[in-house]
Every structure is written in structure tokens, then in C-alpha cells.
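Only a predicted model underlies this, so the values are computations on that prediction, with no experimental measurement involved. We name chains A, B, ... by the order of the sequence lines, and we start the count at 1 in each one.
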Amino acid sequence: MKITINGKNIEAREGQTILQAALANGIYIPHLCYHEKIGAAGKCRACVVEVEGMRGLQTSCSVMAKEDMVVNTCSQNALNAQKLVIDLMLSSGTHDCLACEQNGNCELQDAAYFLGIERPSVQYGEINREFDTSSEFVYVERNKCISCGRCVAACNTTVVNQVLDFGHRGHHTEIVFDTDKKMGESSCVQCGECVQMCPVGAIVDKNARGKGRLWDLKKVETVCPYCGVGCKLELHVNEKTNKIIKVRGVEDAPVNKGMLCVKGRYGFDFVGHPDRLTTPLIKENGQFREASWEEAIALVASKMTEIKDKFGADTIMGLASAKVTNEENYTFQKLFRTAIGTNNIDHCARL
Amino acid sequence: MTNDINGIKSSDVALIIGSDTTEAHPVISARLKQAVIEGKTKLIVIDPKKIKLADFAAIYASQRPGTDVAVMNGMMHIILKNGWEDKEFIANRVEPEGFEALKKEVEKFTPEYVEKISGIPAKTLEEIAELFGKAKAAAIYYAMGITQHTTGVDNVKSTANLQMLCGNMGIPGGGVNPLRGQSNVQGACDMGGLPNVYTAYQQVANADAQAKMENYWKVKLNNKPGKPMTVAFDDAYEGKMKAFYIMGENPMISDPDLHHAEEALKKLEFLVVEDIFMTETAKFAHVVLPASTYAEKEGTFSNTERRVQKLNPAVKAPGSALHDWEIHQLIANKMGLNWNYTKAEDIFNEIRAVTPSYAGMTYDRIGRYGLHWPCPTTEHPGTPVLHVGKFTKGLGTMFPIPFKDPAELPDAEFPTYLTTGRILQHFHTGTMSRKSEGLNNLAGPHVMISVEDAERIGVKNSEMVKVTTRRGSITTKAFITKRIPNGTAFVPFHFWEAPANQLTNNALDPIAKIPEYKVCACKLERA
């Protein structure tokens with residue numbers, strides 16, 4: 001269907017909201033509680049726009065696009081309202097960007113930038129909510145929370161772990177874990193979906209804090225090394241230190257749609273672990289010593305040949321691996337079937 | 001899986017049997033929970049342990065460990081008695097002889113008879129059968145709770161019987177869906193990492209397959225199927241197997257009856273281990289070769305739904321560690337062959353040439369979203385759902401499956417069932433997950449026991465318990481929970497400090513040679 005936004009004719013799909021149609025056509029409207037995965041919440045009111053023929057301002061995240069609709073997202077009325085919403089949000093928290101993990105990746109910052117707000121116009125008073133550092137992997141700074149509810153929706157309807165909710169009333173409303181427990185003492189399984197959904201710096205990866213900013217890190221999409229579900233990961237890597245800093249689920253991956261578990265998201269320490277094997281080792285008199293690749297390969301080839309000649313190829317067994325790639329399993333079985341001459345190949349599919 | 005992950009929401013009913021999905025496959029669990037809360041799907045959970053998904057289930061039943069065949073035969077008995085079977089599917093898609101034999105076999109599995117074997121109340125089984133039998137599209141999800149039994153093959157065949165009986169094959173939201181436990185266990189099987197097959201399950205004993213591979217590899221091949229791992233360990237123990245080459249596996253934690261596995265490895269003349277850490281297994285090696293992790297390499301993994309996805313390198317491997325394929329190439333060439341792979345994609349293109357189900361995939365086509373095999377041509381879109389309209393072999397075969405007891409049952413001396421498995425925070429033998437301080441802080445070794453058993457032996461939460469079987473004993477912390485039925489203990493197998501597999505029984509399924517990790521008899525004592 002055709003609709004008009006800011007005087008521009010655009011094509012909207014059936015079932016799209018004004019916000020979705022606008023975003024799909026490169027028109028930005030500030031929005032914080034809406035996320036594609038959890039849908040419209042209609043809470044933050046940052047996305048208000050004017051629609052011809054409708055009274056007052058409309059939340060574009062919850063009004064469906066209709067044929068021939070005429071929308072203005074940046075009329076003075078709309079902009080004033082958007083500014084007021086963002087201004088009050090900035091006023092009601094400690095939105096210090098300088099050392100914030102989300103700097104450059106913060107949707108509140110994006111909205112303030114778009115609306116030209118340098119600092120909040122009202123001072124709300126002392127805000128000193130408790131930091132929750134009790135969880136192994138997740139850091140919660142409620143001073144930065146804008147109560148958008150994305151984490152609550154994600155926890156309850158996306159990963160369905162049902163841990164996060166809003167607690168208390170009115171001015172004191174804040175996100176709580178179970179019955180207002182510390183995150184680390186709650187039933188939270190630390191899948192990190194709330195981290196991934198948080199539009200600001202209120203819920204962040206604890207161990208990534210201060211280790212690299214968005215634009216400093218190289219992003220590489222790959223596949224999780226743990227169970228067989230095959231969740232797609234985006235590794236954020238510091239190329240200077242050759243370290244993985246954090247992991248995101250890939251939102252448009254058909255398998256996991258951005259979701260991960262505690263291992264996939266946080267269990268990457270082994271990659272850069274100091275105990276990694278870095279050189280071939282050969283055992284002599286019961287002790288390992290370092291060896292060159294040349295020496296190690298020559299030893300393996302000669303011992304395999306010797307045993308094959310002496311006892312037959314079928315006295316050599318190869319264990320392939322359910323944790324290496326297809327390509328590497330292929331070369332392993334090819335090595336056994338062609339160079340050694342046995343079908344003694346198996347792996348721990350059964351274990 | 002015969003079906004795909006995105007099809008989960010197309011199920012009217014999903015039966016979870018032998019899978020603690022939330023612990024072992026958390027993201028599939030999330031998809032199942034979503035389907036439930038959105039009102040699309042009803043869950044039936046059958047598991048000795050009251051797993052997290054039981055909280056979302058329309059019906060939950062706890063069976064005695066090792067009684068799955070009886071439970072599924074009982075379901076089929078009730079379904080047939082009430083005429084809830086899919087008559088059209090049976091008439092058109094399955095061999096009539098098999099159906100008749102199955103019908104005859106399940107006749108004696110009345111709900112009352114099954115109750116005696118499994119402990120599931122007759123009325124509950126009837127409710128389960130009705131919900132499952134009347135559903136338009138019902139899926140079965142299982143994991144090692146079905147396969148790690150001396151009757152593993154029987155259990156799997158029973159899930160297939162049930163799905164064919166109800167016409168749940170080849171439809172969205174149906175299927176027999178084993179949840180595979182490791183990132184590329186599907187691919188390791190697809191690539192011929194098995195003793196009896198080349199890639200795509202082409203039999204080594206089949207003369208045509210042998211000729212095809214000989215022609216491609218230009219080498220004369222051995223047509224004698226090889227030894228499965230569990231048997232090879234027995235052979236090594238007896239001195240008949242002389243050398244092992246182990247890549248990225250840690251049998252010193254994952255094998256049944258670890259004392260036996262250790263003796264077997266010590267008797268080898270030569271042991272090569274290719275891994276990323278000095279694992280419990282690598283310590284026994286004569287040569288250790290340093291390899292790369294997932295984050296350092298390019299290549300592909302095939303997931304549980306047969307989706308082939310691309311890995312991309314993000315960091316550099318430490319020191320002189322190489323990719324596994326580079327190591328294999330060095331050895332092959334040292335042994336007189338002439339391999340010339342320069343990158344993973346060269347190997348993938350060779351895989352395509354000899355593997356019909358991967359033939360239509362290229363790195364470009366796999367792209368960011370992957371492709372499901374079979375994908376025979378470069379125009380083929382891939383196959384998310386198998387067996388639509390027709391089984392690969394033509395008509396489906398149903399098998400009559402008699403019920404058999406597990407190899408070892410509780411008795412006066414060892415009165416408690418012992419079952420093993422995974423927990424969320426750790427993975428397999430711990431080579432990767434145990435390197436994370438955070439994951440170690442979240443979960444350590446323990447034995448889950450029931451409130452009744454804890455009171456009987458006089459332990460409180462986190463006090464030490466000695467778990468003993470005929471193979472050995474471990475001492476570990478008690479985790480007392482209402483989720484475990486009285487008379488059953490659960491030990492996760494990730495921990496070298498309290499290795500579950502010092503306790504497990506190495507009795508094997510006669511066909512699949514899989515050990516019975518899910519049932520043996522143990523004794524619990526206060527330590």
C-alpha cells in the first residue's frame with residue numbers, strides 16, 4: 001500500500017506499523033521500547049507522530065499503516081513531544097556517556113543526537129539506585145534504566161525464563177529479578193538476552209566492561225562451538241590483543257533469532273586461555289618435550305607406517321571429532337581410509 | 001531431525017521424551033516454550049526427572065529409567081484401540097506386514113501392564129495417548145535419554161513407529177527429532193566419521209560406493225567396515241588394537257567405565273592426540289598436536305536440523321597451532337600422498353563432489369543463513385523437512401519392538417537408579433566450558449538426589465555423598481531436589497573431580513554400540 005511520510009510517498013506492507021514502514025524506508029523516528037523481536041509496547045512515547053485525520057499525536061509503533069495515510073514525523077508538534085519525552089528520560093537517570101559501555105550503540109543517545117539535546121533541561125534530584133554486580137556475567141546499573149520494558153518482555157516472551165519483571169510502584173518502579181532478589185541470587189540462567197535487548201547501558205556484559213568500544217572491535221559472524229543447535233554468534237574481537245571481548249546472538253539467524261545460552265554468550269574464555277597448546281609435544285621417558293612440526297609429523301607418519309606394516313592397518317583406530325568442522329572430519333577420514341587403509345574411524349556421537 | 005527448528009511452532013503437540021532440553025539445548029527449549037505460551041503447542045513431557053519443560057507441559061509423566069519402549073508401545077496400544085491412528089498414512093506410506101506385526105506386538109501393552117513396568121499411572125498414559133493421537137501435527141523431540149540405553153535402537157525405532165502410526169512424518173510440525181548434542185556431531189557423521197560409511201552414509205561395504213571413492217581418491221580402499229569406538233577400546237584393552245589417533249575428543253572423561261578406558265590407552269603402542277588443551281586423554285599420548293578452536297578457523301558445521309552453516313575466523317590461533325586439516329595434510333603427504341588443499345573451501349568443494357546430499361551447496365550459497373541437506377543441485381533450495389510424500393526407501397517400515405529391561409537394575413546391594421547427563425553451564429567433557437571461571441562458579445560437580453533419599457541416608461544440601469556402583473565410586477556434593485523421583489540419582493558427566501563415567505555401565509546396545517549411560521544401579525551413602 002502507499003502511504004506518505006514527511007511528504008515522501010513510500011510503500012508499506014500489510015500489517016506494518018507506521019514505525020516499521022518508516023524504518024524500512026530509511027526514515028528515523030526516535031523509539032526505545034519497540035524492538036522487532038518483541039514487538040510494540042507503546043510505553044516510551046518517544047515515537048509520537050502526527051497523522052492526518054487522527055486527533056492528537058499517535059505512537060507510531062502501535063498504529064498500523066493504512067492506504068493513503070499521511071504522516072508527519074517531524075512537525076513542530078511531533079518534535080516537541082519527542083524532545084520532551086527524551087528530555088525527561090535523560091533527567092530521570094544518570095546517563096553519563098563517557099565511560100558507558102553502550103556509548104555509540106545507545107538508542108537513547110541516538111534519539112538525543114537526532115533531537116539535538118545536549119543535556120537535560122530539568123534536574124530531577126539525586127538518583128542513586130543500587131548497582132547489581134552479583135551476577136557472574138551480567139552487570140545491572142539501574143541508574144541508566146529507562147523502564148522501556150524490553151528486557152522484561154525478552155525474558156518473559158522470547159527466552160521464556162520468566163525471571164525479570166517490573167517491581168514496586170509509581171516513581172519507585174524498577175526492573176526486578178524474581179521477587180526482587182539480586183540478579184546473581186535469582187533464578188536467572190544468564191542467557192544474556194536482556195543484555196542484547198537493552199537499548200541503553202543499564203544491563204551490560206560484566207566482563208566486557210572497559211575492554212573495547214563498539215567501533216574498536218572487529219565483528220565476525222560464526223557458529224557456536226557448544227551443543228548441536230547451531231546458534232549464530234557475532235564475535236566482537238580486539239584485533240590488537242587477539243582477544244574475544246564479547247559475543248552477540250545474530251538477530252536475523254533463522255536458528256536462534258539472536259538468542260544464546262550462558263555458554264554460547266559467555267563461555268569463550270577457552271579460546272584465549274593461557275593453557276592452550278601452542279607447539280607439538282613428544283613424550284620422552286614419561287615427560288613431554290616441545291618439538292617442531294617437522295619432527296612431530298615425521299614421528300606420527302613413521303609410527304603409523306611401522307604399526308601398519310607390522311600388525312595391519314586395522315590395528316589403528318581414529319577418533320574423529322564432533323567439535324571440528326566438516327572439512328576437518330572429511331580430511332581425517334580420508335587420511336585413515338587412504339593413507340592408513342582402514343575404516344576404523346568413529347567419534348563420540350554416542351557419548 | 002527430520003524437521004526444522006523453525007517448524008516448532010507448527011506443532012499442535014510436542015512430545016519431549018529423554019531430553020532435558022532446557023539444560024542441554026537451551027535455545028530449542030526457548031522455541032518450545034514460546035510455542036506453548038503463544039498457545040500454539042501443547043507439550044507432553046515424559047522423563048524420570050521433572051525437567052524445566054515439565055512446568056510448561058499439558059501432561060507430565062515420570063517413567064522408570066529404561067522403560068521407554070513399554071511407554072511408547074502403550075501409547076500405540078491406546079491409539080489403535082481408539083482408532084486415532086492415521087489410516088490413510090498407514091495405507092499409503094508404510095509396509096502392511098510391519099504394521100500388522102507392530103499391532104500384534106503392542107496388543108499386550110495395556111495401560112495397566114505399562115503402569116507395572118514404567119510406573120506411569122494407566123490413566124495418565126491414556127491422557128497422553130489421547131492428546132498425542134488426536135493431534136493433527138505432533139512432533140517427537142528426544143536426545144540421549146532415548147539413545148544411551150542397551151535398547152537405544154529399539155527406543156529410536158519406537159519413536160518412528162509412533163510417528164508413522166499417527167501420520168506425523170513429512171509434515172510441518174511433525175517428525176522424529178533427535179536433538180544433537182555437539183556443534184558438529186551431525187557433520188562428523190555426514191562426513192564419514194563412522195566405521196561403516198563414507199560421506200553421506202555411502203556404505204564402505206558397497207562395491208559401487210567403494211569404486212566411486214577409489215576412482216575419486218585414486219587409492220585402493222579397504223571394504224571391511226571398521227570398529228566402533230566402544231569396541232576399539234575393548235580391543236585395545238586386550239592388546240589387539242595397537243595405535244589410536246584422537247582428534248578433539250576426550251574419552252578419558254566421556255567413555256563408560258573409565259578405569260577400563262585408562263588401562264586400554266596405556267596398552268597402546270602409539271597414541272596421537274590432536275587437541276587445543278592438554279586434556280585428560282592427551283596426558284596418555286606419545287605425541288600431542290596443537291589444533292585450533294572454532295573462533296580461529298573457516299569451515300562449516302552441520303547442526304541438529306541438518307543446516308550447514310559457515311564458520312569464519314575471528315582471532316589467530318596461539319603459537320604454532322594449526323588447523324586440523326592442515327595437520328592431516330602434513331601427515332598424508334609425509335605418508336606418500338599428494339594433497340594440495342590451500343584453504344577450507346578447497347576441501348568443501350571436494351566434499352560436494354563425492355557427497356550427493358551436499359552437492360548443491362557452495363560457500364556462497366551457504367551465506368549467512370545456511371542450507372539444509374539434502375541439497376543435490378546448485379538450484380536446489382535445501383530440504384528443511386524430510387520424507388514429504390515418500391520415504392527415501394519408498395514405504396516406511398514399522399518394527400514390532402518387545403520390551404527389554406536395562407542391563408543392570410537396582411537390587412538389594414545397589415538399590416538406587418543412577419542416570420547421567422548434562423547441565424546447562426557445562427559442556428561434555430569440560431575441555432572448553434571448564435576454562436571459564438564464571439561457568440565454574442555457576443556450577444560444579446554434584447549428585448542430584450530426591451528429598452526422600454537424602455533423608456534416608458541423612459545428608460543435607462551440599463553435604464558430601466558417596467555414590468558407588470559395581471564399577472567404582474565418587475564422592476560429591478548433594479543437590480537435593482524435588483525434581484528427582486525417590487530412588488533415582490542423577491550425576492552430570494562434565495567433571496573430572498567426580499567423573500560420572502567411573503560409575504556408568506559399559507553394557508552396549510547390540511547394534512549401535514552405545515553405552516547405557518542412562519541406567520545403572522548405585523548405592524548412596526553419606527560421605
What part of [X] lies closer than 4.5 angstrom to a heavy atom of chain B: side chain, backbone, both or neither?
| X | answer |
| --- | --- |
| A:I297 | both |
| A:F311 | side chain |
| A:L260 | backbone |
| A:E328 | both |
| A:S292 | neither |
| A:V189 | both |
| A:A313 | neither |
| A:I316 | both |

Donor-acceptor pair, [X] side chain versus [Y] backbone, under 3.5 Å?
| X | Y | value |
| --- | --- | --- |
| B:S292 | B:L322 | yes |
| B:D509 | B:G152 | yes |
| A:N156 | A:L164 | yes |
| B:K33 | A:V160 | yes |

Heavy-atom closest pair, residues [X] and [Y]:
| X | Y | value |
| --- | --- | --- |
| B:T199 | B:M191 | CG2-O, 3.6 Å |
| B:F427 | B:G181 | CE1-O, 3.3 Å |
| B:N184 | A:T325 | ND2-C, 3.3 Å |
| A:M259 | B:A30 | SD-CB, 3.7 Å |

Option in [options] with maximal non-hydrogen atom pairs under 4.5 Å from chain B:
| options | answer |
| --- | --- |
| A:V255, A:L319, A:I244, A:I282 | A:L319 |
| A:K334, A:K218, A:Q333 | A:K334 |
| A:C348, A:G341, A:G264 | A:C348 |
| A:T305, A:L281, A:V237, A:N256 | A:L281 |
| A:P254, A:A301, A:S302 | A:P254 |
| A:P225, A:G249, A:G267 | A:P225 |

Checking heavy atoms, do the side chain of [X], its backbone, both or neither come under 4.5 Å from chain A?
| X | value |
| --- | --- |
| B:E305 | side chain |
| B:D346 | neither |
| B:V272 | side chain |
| B:Y517 | side chain |
| B:I5 | side chain |
| B:I327 | both |
| B:A236 | neither |
| B:P225 | backbone |
| B:S302 | both |
| B:L311 | both |
| B:K242 | both |
| B:V185 | both |
| B:Q186 | neither |
| B:H286 | backbone |

Task: Interatomic distance, B:L337 atom CG to B:Q329 atom CD [nearest 0.5 angstrom] - done: 10.5 Å
So which of [options] has the largest heavy-atom pair count under 4.5 angstrom toward chain A?
| options | answer |
| --- | --- |
| B:Y369, B:Y294, B:F301 | B:Y294 |
| B:L221, B:L194, B:L330 | B:L194 |
| B:P256, B:G336, B:G438 | B:G438 |
| B:P251, B:G193, B:S436 | B:G193 |
| B:R422, B:E437, B:E38, B:H426 | B:H426 |
| B:Q148, B:K334, B:R368 | B:R368 |

Kindly indicate whether the side chain of [X], heavy atoms from C-beta on, has any atom under 4.5 Å from the side chain of [Y].
| X | Y | answer |
| --- | --- | --- |
| B:E296 | B:T293 | yes |
| A:N329 | A:V324 | yes |
| B:M432 | A:K263 | no |

So does [X] have more than 12 non-hydrogen atoms from other groups sitting under 6.0 Å from [atom1]?
| X | atom1 | answer |
| --- | --- | --- |
| B:K343 | NZ | yes |
| A:E36 | CD | no |
| A:K37 | NZ | yes |
| A:Q162 | CD | yes |
| A:E295 | CD | yes |

Side-chain ion pair, [X] and [Y], N-O less than 4.0 Å:
| X | Y | result |
| --- | --- | --- |
| B:K224 | A:D314 | yes |
| A:E327 | B:K297 | no |
| A:D205 | A:R248 | yes |

Open item on the list: Counting only non-hydrogen atoms closer than 4.5 Å, can you tell me which residues of residues 190-197 of chain A sit against chain B?
Closed with: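 Within residues 190-197 of chain A, the residues under 4.5 Å from chain B are A:Q190.
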TODO: Indicate the ring-plane relationship of A:F137 and A:Y266, choosing parallel, tilted or perpendicular according to the 30° and 60° boundaries.
DONE: parallel
Task: Parallel, tilted or perpendicular: ring planes of B:Y341 versus B:W339, cut at 30 and 60 degrees - done: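 Perpendicular, since the angle between the ring planes exceeds 60°.
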TODO: List the steps, then state whether side chain to side chain contact (heavy atoms under 4.5 Å, CB included) holds for A:F332 with B:D324.
DONE: CA-CA 8 Å; A:F332 189 77; B:D324 297 86; over 6 Å; no
